[in-house]
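See structure below.
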Amino acid sequence: MLRLFEHSQVYHPDRTLRATGAELGRPFEDVFFSTRDGLELNGWFYPADAGSPRERLAVLLCHGNAGNIGDRLETCALLLEMGLSVFLFDYRGYGRSQGRPTEEGTCLDAQAAHQWLERKGFAGRNLIAVGESLGGGVASELALREPLGGLVLQSTFTSMPDIGAEVFPWLPVRWLASIKYDTHSKLPQLHLPVLVIHSRSDGLIGFHHAERNFAAANEPKLFCEIKGDHYHLLEDGEKIRAGLEEFLPLVEQAGAPAPTLARPPVEGLLRERR
């Protein structure tokens, strides 16, 4: 009963898609792909505009614990306007994806989405994982398992036991919790650009979670403070966009191939030695 209660508090999947993906009025792929443990997942891939200077970069959007990809088109539109490709997918048990969500299962789902993008032709160093709320825990684990060019934590908690202890202070949550999503402990192990986005008005995940996550992350890192509550953050979309515009050059710089040193031709070297 405790495990059922815990699961019901963490995951709020919706099987009904309230959008088709075509609402953005641009080409996209309605994708089905498989996880390592044999489940079929669904996602939508939106390529960047042809000729975009950022068309080699793709965002892998790991959404929060509620709803499904049909609720994330506004976020998708913002990223596409910035010239990025976007792949948003549903975890197992959400939307048209098979299965039932678990912590390890959602991490396997993100890995499968990452591998789909690699097969699409995107190098790992050109992939940016954007984790929204619970998705930040998924994205930070993905960064440990697969190559990434950058990590964005939007309204993300330090760990599920931490947020659970705040929501249910009368329960021994830290002792009982089996679902961890411990982003805070993973960040010191990651060496890639990190952007933390959070609002002081977030009534669900306090601002101190973002401050602790930011302190734990390695350089290069940026903090973007926005306005709005946990469920209406895109009301401050321009501030989010400004933060991402400052962050993307860090990703591009980190992913750029190392310069090769110019060497004189072999014949020239032989003449010099003579």
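In this text, all values refer to a predicted model and were calculated from it rather than measured experimentally. Computed over heavy atoms, backbone and side chain alike; hydrogens, waters and symmetry mates excluded.
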For residues Pro193 and Gly149, report the shortest heavy-atom separation together with the two atoms involved. CD-O, 3.3 Å

Does some side-chain heavy atom of Leu88 sit less than 4.5 Å from a side-chain heavy atom of Tyr46? yes

Roughly how far, to the nearest 0.5 Å, is SG of Cys62 from CG of Leu134? 9.5 Å

Answer with yes or no whether the hydrophobic clustering places Leu148 together with Phe45; edges join I, L, V, M, F, W, Y residues whose side-chain heavy atoms lie under 4.5 Å apart. yes

Is there a donor-acceptor pair under 3.5 Å between the side chain of Asn42 and the backbone N or O of Phe89? no

Is Lys120 close to Glu29 at the side-chain level, that is, under 4.5 Å between some pair of heavy atoms? yes

Common cluster, Leu60/Leu39, ILVMFWY with side-chain heavy-atom separation under 4.5 Å: no

Side-chain heavy atoms of Pro13 within contact of Asn68, under 4.5 Å: no

Taking the six-membered ring for Trp, are His63 and Tyr91 closer than 6.0 Å centroid to centroid? yes

Presence of salt bridge, Arg241 and Glu81, under 4.0 angstrom: yes

Any side-chain heavy-atom pair of Leu195 and Lys221 under 4.5 Å: no

So, do Ile179 and Tyr11 sit near enough that their side-chain heavy atoms are less than 4.5 Å apart? yes

Do the non-hydrogen side-chain atoms of Ile205 and His198 ever get within less than 4.5 Å of each other? yes

Assess the pair Phe87 and Trp116: is the distance between their ring centroids shorter than 6.0 Å? yes

Have a look at His209 and tell me which of Asp202, Thr156, Thr158 forms a side chain to side chain donor-acceptor pair (under 3.5 Å) with it. Thr158

Within one Ile-Leu-Val-Met-Phe-Trp-Tyr cluster: Phe32 and Ile69, side-chain cutoff 4.5 Å: no

Hey, does the side chain of Ser52 reach the backbone of Ala48 with a donor-acceptor pair shorter than 3.5 angstrom? no

pair Pro147-His114: side-chain heavy atoms closer than 4.5 Å: yes

Side chains of Phe33 and Gln115: closer than 4.5 Å at any heavy-atom pair? no

Is it true that, when you exclude Glu246 itself, more than 12 heavy atoms of the residues, nucleotides or ligands shown sit nearer than 6.0 Å to its CD? no

To the nearest 0.5 angstrom, please state how far the OG atom of Ser155 sits from the CG atom of Asp229. 9.5 Å

Between Lys239 and Glu225, does any side-chain N to carboxylate O distance fall below 4.0 Å? no

Does a salt bridge link Glu103 with Lys180, judged by any charged N lying under 4.0 Å from a carboxylate O? no

Donor-acceptor check, side chain of Arg200 to backbone of Gly228, threshold 3.5 angstrom: yes or no? no

Going from CD1 on Ile197 to CZ on Phe247, what distance comes out if it is rounded to the nearest 0.5 angstrom? 9.0 Å

Pair Phe207 and Phe223, ring centroids less than 6.0 Å apart: yes

Same cluster for Leu61 and Leu108 if Ile/Leu/Val/Met/Phe/Trp/Tyr side chains link at under 4.5 Å? no

Sole residue of Arg36, Arg145, Arg92 in salt bridge (Lys or Arg N to Asp or Glu O under 4.0 Å) with Asp109: Arg92

Has the side chain of Glu141 got a donor or acceptor atom that lies under 3.5 Å from a matching backbone atom of Gly137? no

Please confirm whether the backbone N or O of Glu40 pairs with a side-chain atom of Gln98, one donor and one acceptor, at under 3.5 Å? yes

With Leu127, which of Val251, Leu142, Leu117 fulfils side chain to side chain contact (heavy atoms under 4.5 Å, CB included)? Leu117

